[in-house]
Asks: 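Supplied in structure tokens, the structure appears directly below.
All values below come from the heavy atoms of this structure, side chains included, with hydrogens, waters and symmetry mates left out. Order of the sequence lines sets the chain letters (A, B, ...), proteins ahead of strands, with each chain counted from 1.
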There are 4 protein chains.
Amino acid sequence: MAQETKARIRKAAIEVIAEEGFFNTRMQDIADRAQLAVGTIYNYFSSKDEVLSYIFKYEIQRRMKSISELKEQKLSTRRFLKKFLDRHFLTLRENPNLGRVLVREKEFSRAKDNNEIKENMNSLIKMLEDIFVEGINKAEIKDINAHLMAVYFFGSMQGIIEFALTEPEIEMLVDGPDFIIKRIEHIFK
Amino acid sequence: MAQETKARIRKAAIEVIAEEGFFNTRMQDIADRAQLAVGTIYNYFSSKDEVLSYIFKYEIQRRMKSISELKEQKLSTRRFLKKFLDRHFLTLRENPNLGRVLVREKEFSRAKDNNEIKENMNSLIKMLEDIFVEGINKAEIKDINAHLMAVYFFGSMQGIIEFALTEPEIEMLVDGPDFIIKRIEHIFK
Amino acid sequence: MAQETKARIRKAAIEVIAEEGFFNTRMQDIADRAQLAVGTIYNYFSSKDEVLSYIFKYEIQRRMKSISELKEQKLSTRRFLKKFLDRHFLTLRENPNLGRVLVREKEFSRAKDNNEIKENMNSLIKMLEDIFVEGINKAEIKDINAHLMAVYFFGSMQGIIEFALTEPEIEMLVDGPDFIIKRIEHIFK
Amino acid sequence: MAQETKARIRKAAIEVIAEEGFFNTRMQDIADRAQLAVGTIYNYFSSKDEVLSYIFKYEIQRRMKSISELKEQKLSTRRFLKKFLDRHFLTLRENPNLGRVLVREKEFSRAKDNNEIKENMNSLIKMLEDIFVEGINKAEIKDINAHLMAVYFFGSMQGIIEFALTEPEIEMLVDGPDFIIKRIEHIFK
DNA sequence: TATGAATGAGTCTTCATTCAT
DNA sequence: CATGAATGAAGACTCATTCAT
């Protein structure tokens, strides 16, 4: 029950923040969209920043769970990355607002104590790094700098999304996975 | 004299906004950085929004002037685009803060009446479009949709910068021009 | 509940504005007098101007309601006007601060878009005009220009109050109704 | 020469203040109207308040001078008052803006240390009082309270002007002198 | 004397957050 | 848990006043 309300707030926040931007969004706006009173939000979140943090945390943990699940499928590194990207981009096509928030508001914490978002992103990057390390160990990919590769891979995802959201069409989100894989083609043996 | 002060404000604003983000920046911060009183800023700008608008306007007009100058050199379309990108990326390497502002804060006007920034960007895109049209007329490039190409070209510039600013190194800004030209290689006859 | 707070703000504002004048009054002053926080005022009024507008609107609508009630009593025009004035001047004797505000601050909207105050005053004048028209139709008063008469009548009310507030004594507010009736004596048949 | 500039500022201030009200008038507005720089005003006046004070002082002293001149003509009290009023109302008909300022802005000093305006007004009232005292001594008027009479006389002048400025026509300023004299008719023996 | 750019104290207004119901 | 009125700190903006030229 309680989780339903928290999810409702999260979804409402994604919508409003996607439309207005985090700084232009008032807690009242989120409450209105969620058809709740402002006070109610504070029963689930301690601050406005935490609402945004939670959006990132929630989505990043889904990605990490996705990675964990894929790991059990014993796929080749290439197929692994392809499947991960497919899932990620599918989610964003289904919910472009989420993409807008994840890409545009990631910088909000600059000059704030709150680096929970960055920590979450780094956890995700760490998991990607592990994939590359494993690929190297399995001799599927060349002996590259796995950390740098993970950062680059993550950055590309962001770039494609940013680009796709700028474009009038959202086509880019369909071709995104292949586009990214092509850019790292040279690392595969 | 007056223009010196306005330029000082513009430069101070770029620095502070790059560091803190537009919404986290107070007028007092800009004034402090420019070693001026807040009131002085309002002798040159009517609002905080206008300060940011002016940064975009100023830089975009420089780019447009750059395009006009290059036009007089009667270069091939490929060399024209390469030179334009070289200038642009050189400026950003010399002043990364400017890049950060131009890329990260371009969305600030969402949900605001103020779309001066977007208008300025569209003017620049229009100029790029003219270049592609001319290239088609001179039979240097294939018969593509010039407008779409211009949008894509502009989007790529943004993407590279975003990516470069995310990376710890700024190397990307060196290779950026070639990177972009390579992505549109297929349009040249 | 909510209306209680709004009324408290209205009353506090009348007191402070009567003492200091609208332009010398700070929102903080009104809040202090009402024993509320400044922010609370903005839960009921969108701006400082609107607080003043509301004072006028509120009082003018009371006068209009007073006229409507008197109309049902089927009085002669002379007695009607006398009773209306009696009520009005009694209110001001009971709350001289209100008189001060209504008379002194009516001009605040000059050079402002906000002419709500003037619109409200004109509504009241229109009701007075109707009274005169009715008097003419009932052959109780001469065939005068009803609109001009209403304006004059209203102006006299204002004049008496202004005068009374200048005088050390407030006696004028007692004799006011008769004073005004005497000045329009010639219109009665 | 210097006095010409000071007069220019005074006249410009009367115009702007009549149109916008004292509180809505900025020093820059006065400077613009006078076709001078703001700084110049401060060579002649020490503050914004002082500009308004000066307008009152200047006009009140003219009235006092007018009274002094009339005194030398050895007129009857009635004719004296009539002539004084004629002059005053003629001036206002010629310069209605002046009337607007004198009537509407007389209250600005409330809650301010600055009561120079009130002092000047009281000086004028004192002179009027002397006229009534003299009239009593010359047995031309009844043994009334001269001070109260002067206050009433002065208040009537203000009232008429306020009324005349509210009315669409300015006719009232023509009949004003007679109107006032009639109201104090009973004091003459 | 005239100028007008620079100053910063003073206010309005916003909005995240609290808390009594 | 839900509510939404009350709170007040924070920040944009104004404008009288100063002063170097």
Asks: I want to check something: taking the side chain as every heavy atom from C-beta on, are Glu4(B) and Arg8(B) in contact at a cut-off of under 4.5 Å?
Replies: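 Glu4(B) does not reach Arg8(B) side chain to side chain.
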Asks: Checking Lys6(A) against Tyr58(A): charged group under 6.0 Å from the ring centre and within 45 degrees of the axis?
Replies: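 So Lys6(A) doesn't make the cation-pi contact.
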Asks: Take atom CG of Leu36(D) and atom P of dG4(E), then tell me their distance rounded to the nearest Å.
Replies: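 Going from Leu36(D) (CG) to dG4(E) (P), I get 10 Å.
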Asks: Does a nitrogen or oxygen in the side chain of Thr5(D) sit under 4.0 Å from OP1 or OP2 of dA2(E)?
Replies: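 For dA2(E), OP1 or OP2 has a side-chain N or O of Thr5(D) closer than 4.0 Å.
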Asks: Whole angstroms only, please: what is the CZ-C1' distance between Arg8(A) and dC1(F)?
Replies: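 So the CZ-C1' distance, Arg8(A) to dC1(F), works out to 13 Å.
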Asks: Would you say dT7(E) has OP1 or OP2 under 4.0 Å from some side-chain N or O of Thr40(B)?
Replies: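 For Thr40(B), the contact criterion (side-chain N or O under 4.0 Å from OP1 or OP2 of dT7(E)) is met.
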Asks: As a check on the pairing definition, encode DNA chain F in dot-bracket form, counting Watson-Crick and G-U wobble pairs whose two distances are under 3.5 Å, and using | for partners outside this strand.
Replies: .||||||||||||||||||||
Asks: Check for a donor-acceptor pair, side chain of Ser46(D) on one end and backbone N or O of Tyr42(D) on the other, with a separation under 3.5 Å.
Replies: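 It does not hold such a pair.
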Asks: Tell me the interatomic distance from Ile30(A), atom CD1, to dC15(E), atom P, rounded to whole angstroms.
Replies: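 Taking atom P of dC15(E) as the reference, CD1 of Ile30(A) is at 13 Å.
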Asks: Should Ile55(D) and Ile17(D) count as side-chain neighbours, where that means a heavy-atom distance under 4.5 Å?
Replies: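 Ile55(D) vs Ile17(D): side chains touch.
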Asks: Of Ile41(A) and Ala37(C), whose closest DNA chain F nucleotide lies nearer the 5' terminus?
Replies: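 Looking at DNA chain F, the more 5' nearest nucleotide goes with Ile41(A).
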Asks: Rounded to whole angstrom units, what separation is found between the CD atom of Glu20(D) and the P atom of dC15(F)?
Replies: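 Value for this atom pair: 11 Å.
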Asks: Check this for me: does any side-chain nitrogen of one of Lys11(C) and Glu15(C) sit under 4.0 Å from a carboxylate oxygen of the other?
Replies: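 No salt bridge links Lys11(C) with Glu15(C).
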Asks: Without decimals, in angstroms, what is the distance between Asp29(D) CG and dA16(F) C1'?
Replies: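 Going from CG in Asp29(D) over to C1' in dA16(F) covers 12 Å.
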Asks: Got a sec, which residues hit ring pair (Phe, Tyr, Trp, His ring centres under 6.0 Å) with Phe45(B), two or more places apart in sequence or on another chain?
Replies: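 Phe45(B): ring pair (Phe, Tyr, Trp, His ring centres under 6.0 Å) contacts with Tyr54(B).
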Asks: Using a 4.0 Å heavy-atom cut-off to protein, can you give one letter per nucleotide of nucleotides 16-21 of chain E, 5' to 3': B if the base is in contact, S if only the sugar-phosphate is, - if neither?
Replies: SBB---
Asks: For a quick test of reading the model, state the closest non-hydrogen atom pair linking Ala34(A) to Ile9(A) and the distance between them.
Replies: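 Residues Ala34(A) and Ile9(A), closest heavy atoms: CB-CA, 4.4 Å.
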Asks: Does Tyr44(A) have a side-chain nitrogen or oxygen under 4.0 Å from the phosphate oxygens OP1 or OP2 of dA2(F)?
Replies: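 Indeed, a polar side-chain atom of Tyr44(A) lies that close.
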Asks: Rounded to whole angstroms, how far apart are CZ on Phe45(D) and C1' on dT1(E)?
Replies: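 Phe45(D) atom CZ is separated from dT1(E) atom C1' by 15 Å.
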Asks: Can any side-chain N or O of Thr25(D) pair as donor or acceptor with the backbone N or O of Gly21(D) at less than 3.5 Å?
Replies: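 It does hold such a pair.
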Asks: Any ion pair linking Lys57(D) and Glu50(D) (charged N to carboxylate O, less than 4.0 Å)?
Replies: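 Salt bridge flag = no for Lys57(D) with Glu50(D).
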